[in-house]
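Reviewing the structure listed below.
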Amino acid sequence: MNDISRRNFLAGLGAAGTGAGLLQINPDFLFSSAFAQTGKTVVFLSAENITGNWDPTGHTTLSQKNIEGFVMGFLTRTPMTVEKPDEVVYELATSIKLLEPNKLEIKLREGVKFHDGKPFKAEDVKATFEYGSRPDRPAQFYPGPTETLTITTPDDNTVIVDTSKGGYPAHLFIFLASYLPIMSATDVAGGPTGPLTQRLNGTGPFKFVKQEGNATILEAYPDYFLGTPKIPGISFNFVGDSTTRMLSLLNGQASIVERLEPEQVTSLDGNDKIAISSVVSVENKYLWFRCSKAPFDNPLIRKAACHAIDRSMIVEILGSAGHASSNYVSPVKFGYIDLANYPEYSPEKCQALLAEAGFPKGEGLPPLEYITSVGFYPKTKEYGEVITAMLQEQGFQVSLSVLEIAAWNERLYDRPGGGPGHMVDCGWSTGSPEPDLVLRTHFHSTSKRITGIVDKEIDATLDKERSAPSLEERKNILQTETMPMLAEKVPALSLFTSVMIHAMDKSLAGLFIYPDGSMDASKAAFS
C-alpha cells in the first residue's frame with residue numbers, strides 16, 4: 001500500500017480521534033461525597049471472563065486480578081504515574097528496608113484480619129512469598145524459585161527476606177511487594193488443589209461471597225482495617241460485548257464499565273450523568289511471535305515483519321485508547337526509555353531482511369496465522385486488518401483469525417511444538433513498576449510464556465539486569481543493554497501502550513483506578 005491508499009484503508013475502518021496524550025486519572029474519581037448513599041451495590045461490567053480457579057498464583061487473567069484488587073491485601077500499592085512510576089504506598093507493610101544487598105526487612109501493620117477471622121501475621125507473608133516462588137505456579141511472580149530464598153519471621157510483625165542462596169539482590173522484592181496479594185498461611189498449606197482454588201480469602205475492603213454464573217458477588221468487609229466501606233457490595237460481571245457494556249451503563253443497569261472503544265468515549269462525552277477516566281496504563285499491547293517454530297524462530301524474519309508494520313497507523317486507529325511508545329514496557333514501568341534501535345516502519349529494510357533470510361519478497365515463506373480477540377481490547381479487529389494488509393504487501397502470506405475471548409484465551413500460550421498460529425495479539429498488564437513481570441516472564445527461557453523463545457544471549461542480559469546490586473545500576477543495564485537487545489532480536493513487537501478507559505455513573509465518587517485497571521473502592525460511595 002502506498003501512503004495514500006494506506007490512509008484511505010485506515011479511514012474506511014472508521015478510525016476516531018487522534019493519538020492520546022499523557023492522560024491522568026480523572027480527579028472526580030478521587031472525590032468522596034459527604035452525602036453518600038450507603039445502600040446501593042456497585043455493578044462492574046468486565047470485558048474478560050474468569051477461569052474458575054481463584055488461586056492468585058494459578059492464573060494470569062486480568063479480570064481476576066481486578067477482583068483480587070477488591071478482596072485481597074497487598075504489602076504495598078503503586079499508583080504508577082508517568083511522572084513517578086516508582087512511587088510506593090504502604091498497605092499491609094509499614095516499612096520495607098534493605099539491610100544489606102541480599103537482605104530485606106519488612107515490617108507489618110498490626111490489627112489486620114483475614115476475612116475468615118484469622119489474624120494477619122508474618123507467617124502469611126512468608127507462606128505467600130514461598131508459594132509464589134514455586135516454579136510450578138502458572139503465575140510465578142518472584143525473582144527466583146523457592147530454594148533461592150531464606151525467609152524468616154523474627155516476630156509476628158517482621159519478615160526478613162534473604163536472597164543470598166540465589167545470588168540476586170533483595171531489592172527486587174521492593175517493587176514485587178505491590179503485585180502478589182498476601183494469602184493466608186493456612187490456605188497456602190492446602191496447596192494448589194486446596195482452599196485457594198475455591199474462593200478468595202483476603203484482608204481487603206470487600207469479601208468474596210459467591211460466584212453466580214458470570215457474576216462474582218462481593219460484600220463490604222466490616223472489619224476492614226481502614227474502616228467499613230460505604231458501599232455494601234460489588235457485583236463483578238463478565239460482559240464480552242463492548243456495546244452491551246456501554247448500553248447497560250446508559251440505562252442504569254451498570255455502575256462502571258471498562259475498555260471502551262474510542263467512538264464510545266466520543267458519544268459519552270458531554271453526558272452529564274457519566275464520568276470518563278482515562279490514564280496511560282501499565283499495559284502494552286504486543287504482536288507476539290511464536291519463536292518456537294518456523295518461520296519466526298529466525299530473528300531476521302521477525303525483524304522483517306516488524307519493519308513491515310507502521311505503528312503510527314495503529315495509534316491513529318485507536319485514538320484515545322492508545323499511546324505511542326517504543327519499548328517493551330509501559331512508560332509507567334521502572335526503566336522505561338524510548339529505544340533508539342526500536343524497529344520502525346521501513347519496507348526497504350523489511351525486503352532486505354527477507355532476502356538475507358533466503359525469502360526474497362517473501363517467496364517460500366509458509367502461510368501464517370495471526371490470532372486476535374474481539375470484545376476485550378479496543379479496535380483489535382480493525383488494527384489487525386491493517387497489520388495483516390501491511391504484512392501481505394511485503395510478501396507475508398497472513399490470514400487473520402478473530403476469536404471471542406474464551407477461544408482466544410485457550411490458544412494464547414506456548415506449548416510443546418509451538419503454540420497455535422504464528423502471531424498473537426495480546427496485552428500484558430501487571431500492577432507493579434517491576435519490568436521483569438513483563439521482560440523475564442516472556443523472554444527468559446525459564447518462562448517464555450507466549451513466544452516460546454529460547455535465546456542464551458537474552459537469558460544472559462536478563463540475568464545481568466536482575467542481579468545488579470542497586471536500582472540505579474539496574475536501570476542503566478536495562479536501558480543500555482537489555483532493552484536494546486530485545487529490540488534487536490524482537491521476540492515480539494510492542495505496538496503501543498494502552499490508555500485505560502472506564503466510564504461510570506457520575507454519582508459514584510471516591511473510586512481510585514490504578515493503571516492496570518484494578519481499583520480501590522474502599523472509600524467509594526454514591527452521592
Side-chain angles (χ1 to χ4, degrees), residues 55-57 65 68-79 86-134 141-144 146 148-164 169-190 195-196 200-208 221-229 431-434 471 512 514 518 520 522-523:
D55 183 345
T57 73
K65 295 296 173 192
E68 289 166 11
F70 292 118
V71 175
M72 305 298 287
F74 297 76
L75 291 175
T76 64
R77 298 279 188 165
T78 45
D86 55 356
E87 180 184 7
V88 171
V89 178
Y90 291 109
E91 186 175 303
L92 293 178
T94 57
S95 70
I96 298 179
K97 183 167 63 175
L98 196 64
L99 302 178
E100 52 190 74
N102 294 106
K103 191 172 289 187
L104 193 74
E105 178 191 74
I106 304 171
K107 288 290 187 179
L108 304 177
R109 188 181 298 273
E110 298 182 38
V112 177
K113 293 181 181 179
F114 283 94
H115 297 156
D116 65 358
K118 178 185 179 296
F120 163 67
K121 297 180 181 180
E123 65 179 20
D124 303 303
V125 178
K126 172 180 167 66
T128 296
F129 279 15
E130 291 176 343
Y131 185 62
S133 299
R134 284 173 44 169
F141 297 116
Y142 291 114
T146 307
T148 67
L149 301 171
T150 301
I151 301 176
T152 54
T153 54
D155 56 59
D156 285 345
N157 301 301
T158 306
V159 178
I160 304 294
V161 180
D162 190 329
T163 61
S164 301
H171 67 65
L172 292 172
F173 281 81
I174 294 174
F175 290 148
L176 288 168
S178 67
Y179 191 49
L180 186 63
I182 300 301
M183 296 168 277
S184 163
T186 304
D187 292 344
V188 171
L196 288 174
L200 290 172
N201 175 31
T203 60
F206 295 90
K207 182 177 180 178
F208 178 86
Y221 178 47
D223 292 329
Y224 180 53
F225 67 89
L226 290 177
T228 305
S432 166
E434 174 52 57
L471 285 175
F512 185 92
Y514 289 92
S518 62
D520 179 358
S522 62
K523 297 178 179 63

State the [atom1]-[atom2] distance between [X] and [Y], to the nearest 0.5 angstrom.
| X | Y | atom1 | atom2 | value |
| --- | --- | --- | --- | --- |
| Leu180 | Thr57 | CG | OG1 | 7.0 Å |
| Ile174 | Asp86 | CD1 | CG | 10.5 Å |
| Asn201 | Leu196 | CG | CG | 9.0 Å |
| Ser184 | Glu123 | OG | CD | 7.5 Å |
| Met72 | Ser518 | CE | OG | 13.5 Å |
| Asp116 | Asp187 | CG | CG | 6.0 Å |

For a 4.5 angstrom cut-off between non-hydrogen side-chain atoms, does [X] reach [Y]?
| X | Y | value |
| --- | --- | --- |
| His115 | Leu200 | no |
| Pro143 | Leu176 | yes |
| Glu434 | Thr78 | no |

The criterion is side-chain contact (heavy atoms from CB on, under 4.5 Å); which residues satisfy it with [X], sequence neighbours excluded?
| X | value |
| --- | --- |
| Pro229 | Pro205, Phe206, Ala220 |
| Asp223 | Tyr221 |
| Lys126 | Glu130, Ile151, Thr153 |
| Asp162 | Asn102, Lys103, Thr150, Ser164 |

- [ ] Measure from the side-chain N and O atoms of Ser178 to the backbone N and O of Thr76, and report whether any donor-acceptor pair falls under 3.5 Å.
- [x]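 The answer is no, because no donor-acceptor pair under 3.5 Å joins these two groups.
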Open item on the list: Quick one: does any side-chain atom of Ser133 pair with a main-chain N or O of Thr146 as donor and acceptor, under 3.5 Å?
Closed with: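 No; judged by distance alone, with no hydrogens or angles, the pair does not exist.
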Which side-chain N or O atoms in residues 104-112 pair as donor and acceptor under 3.5 Å with protein atoms at least two apart or in another chain?
unit_1 : atom_1 : unit_2 : atom_2 : d
Lys107 : NZ     : Thr158 : OG1    : 2.8
Arg109 : NE     : Glu91  : O      : 2.7
Arg109 : NH2    : Glu91  : O      : 3.0

Open item on the list: I'd like to know whether Val125 forms a side-chain contact (heavy atoms from CB on, under 4.5 Å) with Leu92, so could you lay out the CA-CA distance, the side-chain angles of the two residues, the decisive distance to 0.1 Å, and finally the verdict.
Closed with: CA-CA 10 Å; Val125 178; Leu92 293 178; over 6 Å; no
Least distance between heavy atoms, [X] atom then [Y] atom:
| X | Y | value |
| --- | --- | --- |
| Tyr90 | Ile96 | OH-N, 3.3 Å |
| Ala170 | Thr163 | N-OG1, 3.4 Å |
| Tyr224 | Thr203 | CD1-O, 3.4 Å |

TODO: Return the set of residues passing ring-ring contact (aromatic ring centres under 6.0 Å, His included) with Phe208 (not counting sequence neighbours), or none when no residue passes.
DONE: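 Once residues adjacent in sequence are excluded, the partners of Phe208 under the ring-ring contact (aromatic ring centres under 6.0 Å, His included) criterion are Trp54.
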Open item on the list: Taking the ring centre of each residue, are Phe129 and Phe173 less than 6.0 Å apart?
Closed with: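 Phe129 vs Phe173: aromatic centres under 6.0 Å.
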TODO: Just do the side-chain contact (heavy atoms from CB on, under 4.5 Å) check on Leu471 and Phe175 with the steps written out, would you?
DONE: CA-CA 11 Å; Leu471 285 175; Phe175 290 148; 4.2 Å; yes
Task: Residues Lys118, Asp124; criterion salt bridge (Lys or Arg N to Asp or Glu O under 4.0 Å); working and verdict - done: CA-CA 10 Å; Lys118 178 185 179 296; Asp124 303 303; 2.8 Å; yes
